[in-house]
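Just so you know, residue 1 is the first one in the sequence shown, and it goes up from there.
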Amino acid sequence: MGAVMIVHYHLGAVIVVILLFALVHYLYSRQMKITALIVHNLLRILYLGAIMTGFILLGLVPVNLGGLGKLALGIISIGLMEIYFSHYKKDDAPRPFLVVVIVILALTILTGMLLPQGISL
């Protein structure tokens, strides 16, 4: 399997993770807890797909500080999403925390878009 295919799998997993994050947030906000829990568990499975394809991509390219930073941002993003949902389910998630999650997620995506351009961090 070529590197291009892994990139496509990784991008697909990341896009689906972002869409499912928004869907789970919507479902929890509408008090559809059972449906939200099912979709949230699907989201957790897709986290694993995104992490695995990210590690495979890291192994296919020369390791540099930018790649390791992107890996760290990706894992931090996933962790923050899970922390957010654990608080949101209990109705004690502070509003600024969602902004922090979105900002870190945006930084992760931006880093992922800039690294293939040859911009080394």
* Specify the closest pair of heavy atoms between Val17 and Met81, including all atoms of both residues, with the distance to one decimal. => CG1-CE, 4.0 Å
* Asked: What residues join Leu19 in its hydrophobic cluster, counting side-chain heavy atom gaps under 4.5 Å, either direct or through other members?
  -> Ile15
* Can you run down the salt bridge (Lys or Arg N to Asp or Glu O under 4.0 Å) pairs that involve residues 58-83, sequence neighbours left out, and say none if there aren't any? => Arg44-Glu82
* To do: Tell me whether Ile83 is reachable from Leu98 by hopping between hydrophobic residues (I, L, V, M, F, W, Y) whose side-chain heavy atoms are closer than 4.5 Å.
  => yes
Going by atom type alone, with no hydrogens or angles, which donor-acceptor pairs under 3.5 Å involve a side-chain atom of residues 23-36 and a protein atom two or more places apart or on another chain?
residue : atom : partner : partner atom : Å
His25   : ND1  : Tyr84   : OH           : 3.2
Tyr28   : OH   : His40   : ND1          : 3.3
Ser29   : OG   : His25   : O            : 3.3
Ser29   : OG   : Tyr26   : O            : 2.7

* To do: Give a yes or no on whether Val14 and Leu68 share a hydrophobic cluster (residues Ile, Leu, Val, Met, Phe, Trp, Tyr; joining criterion: side-chain heavy atoms under 4.5 Å apart).
  => yes
* Point-to-point distance, once rounded to the nearest 0.5 Å, from CG of Leu37 to CG of Asn41 -> 5.0 Å
* Asked: What distance do Leu80 atom CG and Phe97 atom CZ have between them, rounded to the nearest 0.5 Å?
  -> 5.0 Å
Between side-chain atoms of residues 48-59 and protein atoms elsewhere (two or more places apart, or another chain), which donor-acceptor pairs fall under 3.5 Å?
residue : atom : partner : partner atom : Å
Thr53   : OG1  : His10   : ND1          : 2.8
Thr53   : OG1  : Gly49   : O            : 2.9
Thr53   : OG1  : Ala50   : O            : 3.1

Counting only pairs under 3.5 Å, give me each side-chain donor-acceptor contact of residues 99-106, with atom names and distances, residues two or more places apart or in other chains.
none

* Rounded to the nearest 0.5 Å, how far apart are CD1 of Ile78 and CG of Leu73? -> 11.5 Å
* Asked: To the nearest 0.5 Å, what is the distance between CG (Leu114) and CD1 (Ile109)?
  -> 12.0 Å
* Structure fact -> So side-chain hydrogen bond (donor to acceptor under 3.5 Å, both in side chains) across residues 54-63, not counting sequence neighbours, yields none
* To do: Flag the pair Phe85 / Leu43 as yes when at least one side-chain heavy-atom distance between them is below 4.5 Å, and no otherwise.
  => yes
* Check the hydrophobic clustering (I, L, V, M, F, W, Y; side-chain heavy atoms under 4.5 Å; chains of links allowed) and say if Ile45 and Ile18 are grouped together. => no
